[in-house]
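Quick notes on the structure that follows.
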Amino acid sequence: MGMSPELSDSRLTNTIAEGCGEILKGVRKGGLLRNRALGDSGDSAAQDWISRVLAQHRPDDGFLSEEAHDDLDRLNKERVWIVDPLDGTKEFATGRQDWAVHIALVINGVPEYAAVGLPDLGVTFKSSEARAVTGPMSGKFAVSRNRPPQVAQYIADKMDYETVGIGSAGAKAMHVLLGDFDGYIHAGGQYEWDQAAPVGVAMAAGLHCSRLDGSPIKFNNEDTFIPDILVCRPELADEILAHAAQYAKDNGGELD
């Protein structure tokens, strides 16, 4: 069985993200589960549903998820789904709103179709219709809430910017798209499922996305670890990257 021709890649990506958000809100309904039990239940329920949907509609595609065994046969495929059913488990389990659903279809290393759901805000950002805000600068950068990297504070100080901690990587990137922040700067490591969907949506919206050394981010690698990321308004990219390069030079090449 091959692809379901009646369901386009774009529609499938978006529908999975929206459905996954509904599942996770259902798992949290009524406060019947709490803390780790809530997070684990959300992860497993969403992962199981996504796996079954893709097995039915895209059985020949590769698959990479934080919540599933990594089948390296994906390295032999041009089309690979890279997902994080629940990005920001800690935030989800403690009742915060800054958790997200990440769904991306990567084709030859590039997230061609992507969706990032912020279910508590009732919105799903889709590469098929993403548009970045182009209004006044906010003067703020989004950084990790749990472990803000020193390089981000260095860049913010150089540019007279404020840094604000937010949970999910998807939430941070989408708030750049919304114009709440002018950039999202991260170092210290993430994985492909943290970045594929946010990068896909952000690039489709016209934002700059790269590693902090300016190199492009390629997906579907054997090693899924990605050390850092920059998502920002394109007019700021050169200045941010220049400060990042200076920070690395001053710190023996380290960007954390």
Side-chain angles (χ1 to χ4, degrees), residues 1-24 27 42-89 99-119 124-130 168-170 173-174 190-205 207 209-211 215-226 229 231:
M1 183 176 70
M3 284 196 267
S4 305
E6 74 281 0
L7 199 59
S8 69
D9 288 332
S10 178
R11 185 178 173 197
L12 181 58
T13 302
N14 299 341
T15 303
I16 290 174
E18 291 168 345
C20 197
E22 292 302 313
I23 288 170
L24 289 164
V27 168
D43 278 329
S44 61
Q47 173 63 45
D48 181 67
W49 183 75
I50 293 170
S51 297
R52 292 172 186 272
V53 169
L54 290 177
Q56 181 167 322
H57 293 280
R58 297 293 189 271
D60 299 325
D61 291 355
F63 185 67
L64 174 65
S65 170
E66 181 179 19
E67 303 302 326
H69 169 73
D70 185 5
D71 181 354
L72 291 177
D73 185 51
R74 64 181 170 80
L75 299 174
N76 302 315
K77 297 179 181 289
E78 293 183 356
R79 296 165 49 91
V80 179
W81 294 85
I82 301 181
V83 310
D84 190 345
L86 173 51
D87 185 61
T89 304
W99 55 279
V101 174
H102 294 180
I103 309 294
L105 173 57
V106 169
I107 302 177
N108 294 319
V110 178
E112 297 287 354
Y113 302 94
V116 175
L118 300 180
T124 299
F125 297 88
K126 307 165 183 177
S127 60
S128 56
E129 55 189 47
S168 158
M174 294 308 98
Q190 290 177 325
Y191 292 90
E192 291 195 13
W193 48 78
D194 295 312
Q195 297 188 5
V199 165
V201 175
M203 289 182 66
L207 294 172
C209 298
S210 72
R211 295 277 309 280
S215 61
I217 305 170
K218 296 292 285 185
F219 296 95
N220 194 32
N221 303 293
E222 182 172 359
D223 182 358
T224 60
F225 182 79
I226 304 178
I229 188 173
V231 177

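- A distance of 6.0 Å separates OG1 in T15 from CG in L7, rounded to the nearest 0.5 Å.
- To the nearest 0.5 Å, the span separating CG on D61 from NZ on K77 amounts to 7.5 Å.
- Between K126 and T13 there is no side-chain heavy-atom pair separated by less than 4.5 Å.
- Looking at N14, its side chain never comes within 3.5 Å of a backbone N or O of R11 through a donor-acceptor pair.
- Formation of a donor-acceptor pair under 3.5 Å by the E18 side chain with backbone atoms of T124 is not found in this model.
- For the atom pair CG (D48) and CG (D43), the distance works out to 12.5 Å, reported to the nearest 0.5 Å.
- In this structure the side chain of I82 never reaches within 4.5 angstrom of the side chain of R74, judged on heavy atoms.
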Residue pair E67, L86: steps toward the side chain to side chain contact (heavy atoms under 4.5 Å, CB included) verdict: CA-CA 9 Å; E67 303 302 326; L86 173 51; over 6 Å; no

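- D60 and R79 are not joined by a salt bridge, as no carboxylate oxygen comes within less than 4.0 angstrom of a charged side-chain nitrogen.
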Worked check of side chain to side chain contact (heavy atoms under 4.5 Å, CB included) between L12 and R58: CA-CA 10 Å; L12 181 58; R58 297 293 189 271; 3.6 Å; yes

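- Counting heavy atoms of neighbouring residues, nucleotides and ligands inside a 6.0 Å radius, atom CD of E78 does not exceed 12 of them.
- Considering every non-hydrogen atom in both G42 and L24, the closest pair reads O-CD2, 3.3 Å.
- Between A45 and V27, the shortest heavy-atom contact is CB-CG2, 4.1 Å.
- F63 contributes atom CZ, which lies 6.0 Å from atom CD1 of I50 (distance to the nearest 0.5 angstrom).
- The two residues A17 and A115 make their nearest non-hydrogen contact at CB-CB, 3.6 Å.
- The shortest side-chain heavy-atom distance between V199 and I229 falls under the 4.5 Å cut-off.
- Under 3.5 Å, the side chains of T224 and D70 contain no donor-acceptor pair of N or O atoms.
- Atom CH2 of residue W193 and atom CD1 of residue I226 lie 10.0 Å apart, to the nearest 0.5 angstrom.
- Proximity of V83 to H102: side-chain heavy atoms (C-beta onward) are nowhere separated by under 4.5 Å.
- For the pairing with V101, the side chain to side chain contact (heavy atoms under 4.5 Å, CB included) check across S168, P119, P85 returns one residue only, P119.
- For the pair W49/I16, a side-chain contact is recorded, criterion being any heavy-atom separation below 4.5 Å from C-beta on.
- Here the CG-CG distance, from L64 to L75, works out to 9.5 Å after rounding to the nearest 0.5 Å.
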Intermediate values then yes/no, side chain to side chain contact (heavy atoms under 4.5 Å, CB included), W81 and V53: CA-CA 12 Å; W81 294 85; V53 169; over 6 Å; no

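- The closest side-chain heavy-atom distance from Q195 to I217 is below 4.5 Å.
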